Protein chains: 2
Amino acid sequence: MMMAMSENGSLRRGRPGYDQQGILEVAIAAFNQYGYDATSMGVLADRLGLSKSAIYHHFASKDEILERALDDALSALEGVLGESGATQGRAADRLEAVLAGAVHVLVEKLPSVTLLLRVRGNTEVERRALARRRAFDRAVTSLVEEAQAEGSLRSDIDPSVVARLAFGMINSIVEWYRPGGKEDADRLAGDVIAIALDGLRMPTSNRVDELLG
Amino acid sequence: MMMAMSENGSLRRGRPGYDQQGILEVAIAAFNQYGYDATSMGVLADRLGLSKSAIYHHFASKDEILERALDDALSALEGVLGESGATQGRAADRLEAVLAGAVHVLVEKLPSVTLLLRVRGNTEVERRALARRRAFDRAVTSLVEEAQAEGSLRSDIDPSVVARLAFGMINSIVEWYRPGGKEDADRLAGDVIAIALDGLRMPTSNRVDELLG
DNA sequence: GGCATTACTAACCGATCGTTCAGTTAGTAT
DNA sequence: ATACTAACTGAACGATCGGTTAGTAATGCC
């Protein structure tokens with residue numbers, strides 16, 4: 001039961017119960033479990049312990065719930081692109097900062113990012129979210145291109161393929177990572193970045209062979 | 001329009017129109033575009049240019065369509081585990097064969113594997129498919145463990161995480177690979193395996209530093 | 001106590017859902 | 001022409017869908 005608090009921690013006026021954020025969190029969990037399309041407002045109401053119509057006091061529509069959730073995830077990911085580690089320095093370092101930042105966003109906002117990564121495109125809300133995702137992907141691809149031009153990233157593979165595969169790996173976290181599991185968030189980020197960057201860097205095998213003659 | 005042919009190529013008896021396979025292919029495409037849950041039998045009927053009830057001549061239920069599609073994908077993936085490259089030799093080589101085989105299955109059966117990778121688990125059909133997927137994942141994880149024990153694969157990362165990240169990358173193909181695009185299938189498989197294996201092998205960077213003193 | 005605020009309800013709506021049923025249609029074989 | 005085979009149809013069904021409406025309920029403030 002989400003007891004709505006005012007910003008200074010005192011109890012707010014009005015009937016106790018869920019607030020918008022409380023509804024949103026339960027909705028995201030249900031959407032992730034059953035899929036957005038297969039989650040009816042009835043199922044959601046059951047999960048909340050409310051009537052269906054009570055939900056409409058908080059959100060105008062099912063679509064609006066989705067839009068709020070997706071915006072949360074997208075804003076966090078877009079925020080990674082604006083951080084100082086992603087805007088200054090060599091392209092390879094910036095790329096590493098973006099990948100690490102993305103992993104942290106995935107872990108910290110696992111429910112809403114999970115929902116984002118499963119969006120289909122059936123509604124206008126979904127299509128707008130997909131457009132924002134594509135813009136993010138393009139920014140990452142540009143970074144890969146720059147790092148390849150610097151010579152610090154393998155250039156035998158098309159930059160858009162590199163970006164997609166790297167994010168394919170990172171995004172797979174939402175399918176199996178569970179907070180409190182065997183891997184803590186920092187260890188996970190370290191592991192993911194290690195594999196991704198080792199796969200992306202200029203291969204050093206030739207260098208070893210060269211040195212050994 | 002799928003003209004049903006008998007096995008020797010002559011026209012079969014009965015009214016011309018779709019056969020089961022023809023319905024299945026259109027259904028998979030619709031399921032992948034809109035999501036299984038958001039694809040109504042009405043939408044599917046529109047795509048087929050038939051009435052809704054015509055579909056039930058070919059399949060007993062929407063579920064049965066899904067089951068057939070998922071079985072197609074799963075059988076192909078499971079087949080990779082039974083190939084000689086995956087059953088003989090060093091573990092690292094077997095793992096590489098499995099990864100390459102999986103990429104080829106993804107590319108060759110892109111529609112049905114795409115559908116498989118998006119299964120939620122809302123129905124018994126879906127849950128059975130997920131169980132088969134988990135068994136596949138376990139087999140791959142075992143291979144990673146063996147390869148780590150051989151010393152040819154990095155062992156700084158938990159084998160189940162390694163397997164998941166590698167397949168996360170490989171499975172991401174379904175979200176962006178398009179036959180006839182920039183990357184042909186063999187090139188793609190090569191690129192994916194290069195990044196995955198470079199990310200998975202024992203790091204050679206230390207070796208370079210060591211040789212340089 | 002009355003008011004404002006905020007959360008919640010049951011009944012209802014029109015539309016759509018997956019499926020069934022009793023037929024019709026279009027081809028081949030005899 | 002008739003029988004068989006296989007594909008297809010419109011109407012109907014019970015259930016569920018997202019959403020609306022006119023209320024009720026529970027709190028804090030004055």
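Every chain is numbered from 1 and lettered A, B, ... according to where its sequence line falls, protein lines coming before strand lines. In this text, all values refer to a predicted model and were calculated from it rather than measured experimentally.
Atom CE in A/Met41 sits roughly 18 Å away from atom P in C/dT16 (whole-Å rounding). The distance from atom CD of B/Gln20 to atom P of D/dC8 is 12 Å, rounded to the nearest whole Å. Distance, A/Leu50 CG to C/dA10 C1': 14 Å, rounded to whole Å. Residue B/Gln21 contributes atom CD, which lies 13 Å from atom P of D/dA7 at whole-angstrom precision. Between the CD1 atom of A/Ile55 and the C1' atom of C/dA10 there is a distance of 15 Å, given to the nearest Å. For the pair B/Asp37 CG and C/dT16 P, the interatomic distance rounds to 18 Å; values are reported in whole Å. Between the CG atom of B/Asp63 and the P atom of C/dG18 there is a distance of 11 Å, given to the nearest Å. The CG atom of A/Leu66 sits 14 Å away from the C1' atom of D/dG18 (whole-angstrom rounding).
Proximity of a side-chain donor or acceptor of B/Thr39 to a complementary backbone N or O of B/Ala30 within less than 3.5 Å is detected. A donor-acceptor pair is defined here as one N or O able to donate and one able to accept, closer than 3.5 Å; no such pair exists between the side chain of A/Arg132 and the backbone of A/Leu74. At least one donor-acceptor pair closer than 3.5 Å links the side chain of B/Arg120 to the backbone N or O of A/Asn32. Counting only distance, with no hydrogens or angles, the side chain of A/Tyr18 and the backbone of A/Leu48 share a donor-acceptor pair below 3.5 Å.
Close to D/dG19, at under 4.0 Å from its OP1 or OP2, lies a side-chain N or O of A/Tyr56. Distances shown here put a side-chain N or O of A/His57 below 4.0 Å from the OP1 or OP2 atom of C/dA7. A/His58 has no side-chain polar atom (N or O) that falls below the 4.0 Å cut-off from OP1 or OP2 of C/dT6.
Nearest-nucleotide assignment on DNA chain C puts the 5′-proximal partner with A/Gly14, out of B/Lys62 and A/Gly14. Of the two residues contacting DNA chain C, namely B/Lys52 and B/Arg15, the nearest-nucleotide position lying further toward the 5' end is that of B/Lys52.
The cationic atom of A/Lys62 (NZ for Lys, CZ for Arg) lies less than 6.0 Å from the six-membered ring centre of A/Tyr36 and within 45° of the ring axis.
Considering only the side chain of B/Ser40, C/dG18 comes nearest among C/dG18, D/dC8, D/dG18.
Here A/Ser53 lies in heavy-atom contact (under 4.0 Å) with a base.
One donor-acceptor pair, N or O on each side, does fall under 3.5 Å between the base of C/dA4 and the side chain of A/Arg13.
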